[in-house]
Number of protein chains: 2
Amino acid sequence: MSMPLEPRRRRPGRPSAGETPVDRATVLECAERLIRREGPTVSLEAIAAEAGVTKPIVYHHVGGKDAVVEGLAWRLNERHADAARDAVAGRRDPAAAIRAFVDAYLDGLERDRNLYLYVTGGGGSGGDPESVLRFADQSAAGLAERLAQLRGARTKKQRAAALPWAYGVIGMLHFVALWWLRTADRSRAELAEQLTDLLWTGLRGNRSSR
Amino acid sequence: MSMPLEPRRRRPGRPSAGETPVDRATVLECAERLIRREGPTVSLEAIAAEAGVTKPIVYHHVGGKDAVVEGLAWRLNERHADAARDAVAGRRDPAAAIRAFVDAYLDGLERDRNLYLYVTGGGGSGGDPESVLRFADQSAAGLAERLAQLRGARTKKQRAAALPWAYGVIGMLHFVALWWLRTADRSRAELAEQLTDLLWTGLRGNRSSR
DNA sequence: GATGAAATATACCGGGGGTAGATAAATTCA
DNA sequence: TGAATTTATCTACCCCCGGTATATTTCATC
C-alpha cells in the first residue's frame, strides 16, 4: 500500500539529471488512485490527466486500455492472493480454511470495490467477455493447485478436474460479489457463511450417501 | 425456433393496409440472426441494417443497446430454461438431475454460442459489470427456488442462502463456460461430469464427516 | 552554438451509441 | 379532389472513447 506518487511533470523534453520521467508504475499508480476516487468508468484520457500526462504516454508506457486493465488486475490479484494466503495460513480444518478464504475475498472486494469493478468489467467499455476471463486467468492456475490438494486429487483424472473447478470457484465468487454489492441485504459474515457452506458441502449438503 | 422474418420494408411513410410495420419482435429476430452469423461484436447499426432499417428505429421499438441485450437475453433464457426443465424432468436421483442440468447448459452454450457471448458480454461494449449481472437476474430467482428444495431448506436461515447460491451456480457455470469455449481441451461429457462432481459433493468430496 | 536523443504534446481518425429534425406515404376529412 | 393528419421512417449530426501520426520541447553531447 504505497503512497500514491504525485504526478511528476507535464513538460515535454528530455528530463534533467535529477528528474525521473513518467514510467509504467507511475501511470498504473495514478490510474488506481483515480479509479478509487471516481469509480470504474474512468476513461484512458482521464487516467492520463491524473498522471499529469496525455494519452499517447499511457499508450507508450503501458500499452493501451487492455494493458492498463491487465496491469491493474495483476497488482490487485497479488494483493488479494497475499491476503488470502495469510488468512488461510495455519488453518487445519479445511472448512475453516475455505471460510477464511471467502472472507478474505469479500474483504478485498469491499476495500477495492471500484478497482475490482474496473478490472473485471474490462474498464467500463470495450469488453469482450474475454476481459473478465483474463482476470480470472491470473489466479486460476494457483487456485487449481490448492483445490487439487484440498480435495486430495491423486489420479490424473481427478487432477484434470482442478482447473475447471478453479474457474468455477472464481466465477461463483465473482457473481455473488456483484450481486451482493448491488443488493447489500446481508452482512459479510452471513454471506461468507452461506458461500462456505455451498463450497464445502456442495448441493448435497450433509446427507450421508452418494 | 421461428423462421427469421425477412426485412419487410425500407421505405418511410405510413404502411399500406396489408403491410405489417417493423416491430420489436422483428428487430430482435434479426438481431439474433445477425449475431449468430457474424459473432458477438456486431453493432446496433449492423443490427438495424439486418432488419432493413436504421438505428433510430431500433431505438424506437426496442430502446437502445441495453434493451436489445436484455431482450435477447430474455429469449435465450426462456429457451435454455425450457431445455433444462425437460432435461431434469423425472429424474429422481439429485446428482443425476444436476448432471442433466449442467449438460443442458453446456448444450445450449454450444448451440447459441455467439448469442450467449453477446448477451453476457453486454453486446461487445458499453458494459458495466452490471450487464452480465442483469443476465443472471433473469434466471436467479427461479434457480434459487429449485436449489432450496433440492437442498431441503426449511428454516428461514437456510432459505436465505438460496439466492446467493443461485448467483454462485450461475457464475460458476458462466466462467467455466467461457474458459471451456476458449480452451476446448476436453469433451462436453467430461466437463459435465467434473462440474457435477463439484456442484454435488462440494470441495469436501466424499469424506464422511464435517 | 549546432546536432541528436529523449520525452512528451497536439491534433486527428474511425467507430459506436444516442438523438433532433426532416421526410415520405397512406388515411381522413373538408 | 386536395389539404391536414397520422404513422413510420430516414438523414444528418453530436459526443465520447480508444488509438495513432506528427510536431514540439528540452536536455546532453560534441
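Just so we're on the same page: letters track the sequence lines, and every chain starts at 1. Atoms considered below: every heavy atom in the structure, side chains included; atoms not considered: hydrogens, waters and symmetry mates.
B:R99 pairs by the salt bridge (charged side-chain N to carboxylate O under 4.0 Å, His left out) definition with B:E193, not counting sequence neighbours. In terms of the salt bridge (charged side-chain N to carboxylate O under 4.0 Å, His left out) criterion, residue partners of A:R111 (sequence neighbours excluded) are, by chain and number, A:D107. Evaluation of the side chain to side chain donor-acceptor pair (under 3.5 Å) rule for B:R113 yields no partner, not counting sequence neighbours. Residues passing the salt bridge (charged side-chain N to carboxylate O under 4.0 Å, His left out) test with B:R182 are A:D137, sequence neighbours excluded. Contacts of A:E110 classified as salt bridge (charged side-chain N to carboxylate O under 4.0 Å, His left out), with partners at least two apart in sequence or in another chain: A:R188.
The side chain of B:L44 has C:dG17 as its nearest neighbour among C:dT10, C:dT19, C:dG17. The nucleotide whose nearest atom lies closest to any side-chain atom of A:V53 is, among D:dG19, D:dT9, C:dA9, C:dA9. Comparing C:dA20, D:dG19, C:dG17 by their closest approach to the side chain of B:S43 singles out C:dG17. Minimum atom distance to the side chain of A:K65 is reached by D:dG19, of the listed C:dG18, D:dC10, D:dG19. When each of C:dT10, C:dT19, D:dG18 is scored by its nearest atom to the side-chain atoms of A:T54, the top-ranked nucleotide is C:dT10. The side chain of A:K55 sits closest to D:dG18 out of D:dG18, C:dG17, C:dA9.
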Less than 3.5 Å apart, which donor and acceptor atoms pair up between the side chains of residues 140-148 of chain A and the rest of the protein, not counting sequence neighbours?
none

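Summary for the helix from C:dG1-D:dC30 to C:dA30-D:dT1: the axes at its two ends, each from 5 pairs, differ by 40° when rounded to the nearest 10 degrees.
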Give every pair of a protein N or O atom and an N or O atom of nucleotides 22-26 of chain D that lie under 3.5 Å apart, one pair per line with the distance.
unit_1 : atom_1 : unit_2 : atom_2 : d
D:dT25 : O2     : A:G13  : N      : 3.1
D:dT26 : O2     : A:R14  : N      : 2.9

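Counting only residues at least two apart or on different chains, the ring-ring contact (aromatic ring centres under 6.0 Å, His included) pairs with a member in residues 167-188 of chain A are A:Y116-A:H174, A:Y167-B:W179, A:H174-B:F175, A:F175-B:H174, A:W179-B:Y167.
In this model, the phosphate group of C:dT8 is approached by a side-chain N or O of A:H61 to a distance below 4.0 Å at OP1 or OP2. One finds no side-chain N or O of B:H60 lying less than 4.0 angstrom from the OP1 or OP2 phosphate oxygen of D:dC10.
Around CD of A:E45, the count of heavy atoms belonging to other residues, nucleotides or ligands within 6.0 Å does not exceed 12.
Classification of B:R33 and B:E29 as a salt-bridged pair fails, no side-chain N sitting under 4.0 Å from a carboxylate O.
B:I57 places its CD1 atom 17 Å from the P atom of C:dA22, with the value rounded to the nearest Å. Atom pair A:I47:CD1 and D:dC17:C1' shows a separation of 12 Å (rounding to whole Å applied). Rounded to an integer number of Å, the gap from B:Y59 OH to C:dT19 P is 3 Å. Distance, A:E45 CD to D:dG19 P: 12 Å, rounded to whole Å.
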